[in-house]
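Just so we're on the same page: letters track the sequence lines, and every chain starts at 1.
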Amino acid sequence: MATWEYDGPILEIDKLSISFFTRLREIPAVMDFSVKVQPGEAVGLVGESGCGKSTVALGVMQDLGKNGRIVGGSIKFKGRDLGEMSDDELRTIRGSQIAMIYQEPMASLNPAMKIAKQLMEVPMIHEGLDEKAAYQRALEVVTDVKLPDPERILKSYPHQLSGGQQQRIVIAMALMSKPSLLILDEPTTALDVTVEAAVVELVKDLGKKYGTSMLFISHNLGLVLETCDRICVMYSGEAVERGSIEDVFDEMQHPYTQALFRSIPLPGADKNARPLVAIPGNFPLPHERPPGCNFGPRCDYFEAGRCDAGDIPMFDVPGNDRHATRCLRFQEIDWHAPIEAAAQHDKTEPGQVVLKMENLKKYYEVAANALFGGDKKVVKANETLSFEARESETLAIVGESGCGKSTFAKVLMGLETATDGQILLDNRNIESTPIENRDTKTVADVQMVFQNPFDTLNPSMTVGRQIIRALEIFGVGETEEERRERMLQLLDLVKLPREFADRMPRQLSGGQKQRVGIARAFAGDARIVVADEPVSALDVSVQAAVTDLLMEIQREQKTTLLFISHDLSIVRYLSDRVMVMYLGHVVELGTTEQVFAPPYHPYTEALLSAVPIADTHVEKQHIVLDGDIPSAMNPPPGCPFQTRCRWKSEVPGGLCEKEVPPVRQLGDGHQVKCHLSDEQLARMEPVIKIAAE
Amino acid sequence: MGLFILRRLGVMLLTALCLTFIVFFLTNLFPNLEKLAKTEGNFRMSDEAVISYLTREGHMQPLPVKYGQWLGVVPGFTFETDDGITGQCFDGALTAEQVAEQRRYCGILQGDWGFSTRFKDEVGPIIGERLSLTGILMFWVMLLMVPSALILGVLAGMREGSRTDRALSTVAITTTATPEYVSGVVLIAVFASSAVGLRWFKGTATGAMENPTFENFFLPVLTIALYGMGYIARMTRASMAEVMTAQYIRTARLKGVSFPNIVMKHALRNALIAPFTVIMLQFPWLLNGVVIVETLFNYKGFGWTLVEAASNNDIELLLGVSVVSVFVVLITQLISDIGYVYLNPRISVS
């Protein structure tokens with residue numbers, strides 16, 4: 001009964017408004033939102049966290065929880081209003097007609113149920129298949145999502161699979177009943193870049209194969225460019241711009257879209273010559289939205305008395321296909337005006353060597369059995385790490401999870417001691433001094449900015465107090481007043497208002513918290529700062545501002561910045577030199593230009609190809625790696641990358657499987673760990689080409 | 001798995017040794033021994049007479065030696081008197097040759113639990129008999145308590161904050177906040193006395209020792225079950241409520257699974273992982289409740305024996321009771337760990 005014939009759009013959301021009701025007030029989460037998804041079409045929904053994109057998805061599923069309610073407009077699925085359906089009707093549609101893929105695969109699979117059972121349930125409920133037929137279907141679909149050894153996978157529990165495999169299972173579950181509409185809610189956010197690329201590829205292929213329409217929710221513009229036909233940009237509960245990918249990416253008609261594009265590091269951006277333009281101000285809270293245009297207070301083109309006068313409807317952009325914008329002034333603004341050059345800076349020259357690593361090794365011994373020991377396994381987290389870092393230089397350390405970049409940071413900080421090799425800080429060995437034995441000066445010199453600003457501040461201590469605490473530990477200032485004065489200066493340094501000293505961390509936004517984290521790291525005039533994915537937990541518009549801040553402090557204080565990241569776009573933007581790691585090995589090391597241009601190490605090549613770039617002019621070579629990253633507990637013999645390398649067949653004699661490649665110098669400090677011959681390396685083509693306009 | 005159980009058994013033995021030693025030490029404090037001598041002899045014994053009695057019975061030896069003898073790893077105590085040799089392992093006074101024929105070790109390990117001064121009988125059979133009586137009581141308690149507690153908890157937890165939840169939670173909190181000696185007395189007053197006049201059940205469970213019937217056995221069972229039920233129901237509710245907000249429940253809901261099936265197939269197993277440990281913890285705790293309820297209803301089981309042994313300074317019986325209690329506690333914990341592994345596939349012991 002759930003299938004009926006309908007020719008129009010699969011999904012038609014018309015002037016939808018959703019509110020959440022709390023005891024205090026009604027909080028509008030989505031306002032006046034309209035979008036249409038045609039059969040076979042993929043529509044991207046883009047926006048920062050809190051803009052209401054996930055609420056739209058749950059609204060379509062009619063699963064808003066106790067507090068959420070649709071207060072206006074309608075959601076029509078194949079011409080029928082979902083809001084008017086009974087619970088029973090909805091249940092027959094969910095899972096069979098509309099399916100959803102979730103952000104965290106681990107959390108969305110039942111931990112106490114075998115994969116087979118979770119998959120088979122879908123056709124058994126909706127099509128009344130018996131167990132045998134359902135199992136056959138499950139086997140087919142699991143093969144379709146390219147999982148190795150489907151029968152074994154079906155027999156496992158979710159925790160026995162890797163993150164990428166789990167996400168494939170969630171995709172398989174969504175496809176079990178061949179739905180007409182697939183909603184993907186940030187499906188790859190929890191995955192590594194190369195795994196993400198493979199999953200995106202899979203979703204695209206399957207969409208074509210099954211003819212499924214897709215609503216793709218993401219904060220990543222590059223990902224949407226790669227997967228979708230149309231895009232809808234959301235800001236603070238409203239759709240601000242809607243249109244085809246080409247129209248929106250190349251002829252954007254809303255100031256927010258423009259600002260968003262200017263704040264992400266596209267190829268060509270440069271920290272000195274063409275710095276990113278951060279969006280000023282903060283995202284408004286749902287109950288503190290300004291009158292008129294929500295983006296008004298942060299907009300460069302804001303016109304008082306007009307933009308804040310009243311609600312702004314969507315205007316059609318003449319000449320383009322179904323392209324609409326929520327901006328009163330879209331026809332007055334010169335969209336092609338060059339970016340007002342933000343302050344340009346001279347390139348700073350790196351000074352003398354501050355930090356030197358020589359053949360650093362860190363092995364962990366892992367007992368197979370917690371009580372009796374049993375066979376000890378050695379995990380080689382870092383294998384012969386050698387590099388130098390100079391004063392006021394930014395060295396980026398790039399790699400996916402499990403590559404040993406965090407272990408390296410721990411050893412440098414003194415949270416762990418090295419197994420072998422040496423770390424020289426100003427020619428003093430510190431590799432075997434744990435942090436509790438380091439003198440205050442050394443501790444203050446080497447500091448860290450952490451990935452997640454939400455968890456690294458003490459929730460029950462004011463911001464000022466936490467910074468003063470760091471000052472006390474570093475022995476800065478004689479009296480309480482001196483330290484307080486220094487703390488206020490630090491707040492100035494990270495561009496936070498001085499009133500923030502008395503605030504609690506919960507009153508701060510993510511970006512502001514990260515600024516506090518930076519202030520704390522620089523409390524003792526740190527000379528080396530390890531920034532472990534400092535912006536990856538932040539929204540795009542805030543990322544630019546925090547990155548900028550780090551760069552500025554670095555210029556002033558001549559800090560050495562070790563920037564750990566998996567995001568190659570931002571690495572290309574801000575680093576002077578790049579070190580690429582894979583399974584504990586440094587596979588490539590060189591200046592940013594050297595690493596981002598051929599010859600590449602095969603892994604660097606794949607990594608570059610995997611990063612989605614939000615620019616329609618960019619042509620990328622398409623390299624998709626098979627399989628997952630091998631476990632560090634059980635690394636492959638020979639070259640660590642050989643299991644996934646597409647160049648392996650070019651090396652004669654199966655050398656890749658036998659020997660770990662030596663470090664090869666390619667001149668000017670560019671080094672690569674690979675068996676490929678010089679001619680083969682020379683034959684490599686650039687992965688990213690910017691098409692001439 | 002086999003190794004895991006072996007290891008747990010090893011740990012268990014070690015714990016049992018430590019615990020029994022503590023009990024042994026406490027019951028063998030001098031004032032206790034003095035009291036024992038006076039109850040066994042006469043209350044007007046002089047201090048010298050007490051000492052000589054205790055020396056004769058072997059109580060004046062160093063504590064570790066006595067503990068070893070009680071365990072059966074040190075040869076039994078012997079004492080030479082004018083009549084011959086008396087000893088722990090045999091009755092009466094014998095000659096040296098006769099003693100040589102007797103067994104030398106007689107402790108727990110040899111199955112010799114000692115002699116109860118209160119019941120004038122061997123400790124072993126007493127404990128066996130009392131334990132089986134309490135076993136029957138516990139069985140019915142569990143049968144009543146666990147299913148009703150789980151049903152209560154699941155019903156309350158599946159829609160957190162609903163009217164059902166609030167009503168059931170109130171019941172659970174009330175029952176668990178009422179100790180047995182209160183609920184027992186109230187139940188007797190309401191259902192077994194002429195105060196209210198219902199007189200549906202009997203106020204004493206003495207008859208249930210031979211012939212348990214609904215009439216004479218229901219009140220003690222209910223009294224213990226009520227208290228534990230509220231506790232387990234609260235745990236189940238909390239765990240259920242948490243599971244119901246989990247993302248995989250949303251996945252199931254958006255797969256089109258109906259609400260009853262979500263609860264039964266997806267939530268239940270995950271929700272039972274936490275309360276399972278609590279339920280198993282109830283076993284040792286039941287021994288506690290049993291002490292009060294058995295005394296209250298005059299049901300001569302294990303708890304009642306414990307009370308009798310303690311109040312009559314019956315050292316060997318008390319020790320026997322404590323050994324059994326320790327093993328009951330440890331074995332239930334072992335079962336709980338194994339069951340936990342079965343319920344939760346993420347934990348594996350290999």
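More than 12 heavy atoms of other residues, nucleotides or ligands shown are found within 6.0 angstrom of CD on A:Glu26. Within 6.0 Å of the CZ atom in A:Arg25, the count of heavy atoms belonging to other residues, nucleotides or ligands exceeds 12. Counted within 6.0 Å of CD on A:Glu127, heavy atoms from surrounding residues, nucleotides or ligands total more than 12; the atom is thus considered enclosed. Around atom NZ of A:Lys76, no more than 12 heavy atoms belonging to other residues, nucleotides or ligands sit under 6.0 Å away. In the displayed structure, B:Phe24 atom CZ is contacted under 6.0 Å by more than 12 heavy atoms of other residues, nucleotides or ligands. Heavy atoms from other residues, nucleotides or ligands lying under 6.0 Å from CZ of A:Phe21 number more than 12.
Within the 4.5 Å cutoff, no side-chain heavy atoms of B:Thr251 are placed close to those of A:Leu109. Under the 4.5 Å side-chain criterion, counting only non-hydrogen atoms from C-beta, A:Asp87 is not in contact with B:Phe259.
Heavy atoms closer than 4.5 Å to chain B are found in both the backbone and the side chain of A:Ala107. No part of A:Leu90 comes within reach of chain B, as not one of its non-hydrogen atoms sits under 4.5 angstrom from that chain. When heavy atoms are compared at a cutoff of 4.5 Å, A:Asn110 approaches chain B by way of both its backbone and its side chain. Neither the backbone nor the side chain of A:Met176 comes within contact range of chain B; no heavy atoms are under 4.5 Å apart.
For A:Asp63 and B:Arg250, the salt-bridge test fails: no basic side-chain N is under 4.0 Å from an acidic carboxylate O.
Contact between A:Pro111 and B:Tyr248 at its shortest, heavy atoms only, is CD-CE2, 3.4 Å. Heavy-atom minimum distance, B:Gly256 versus A:Ile125: O-CG2, 3.7 Å.
In terms of modelled atom types and a separation under 3.5 Å, the side chain of B:Lys255 and the main chain of A:Gln118 share a donor-acceptor contact.
Here the OG atom belonging to A:Ser108 is positioned 10.5 Å from the CG atom belonging to B:Leu254, to the nearest 0.5 angstrom.
Counting heavy-atom pairs closer than 4.5 Å to chain B, the top residue among A:Lys117, A:His126, A:Gln62 is A:His126.
Put simply, the residue from A:Arg91, A:Arg94, A:Glu121 that forms a side-chain contact (heavy atoms from CB on, under 4.5 Å) with B:Val257 is A:Glu121.
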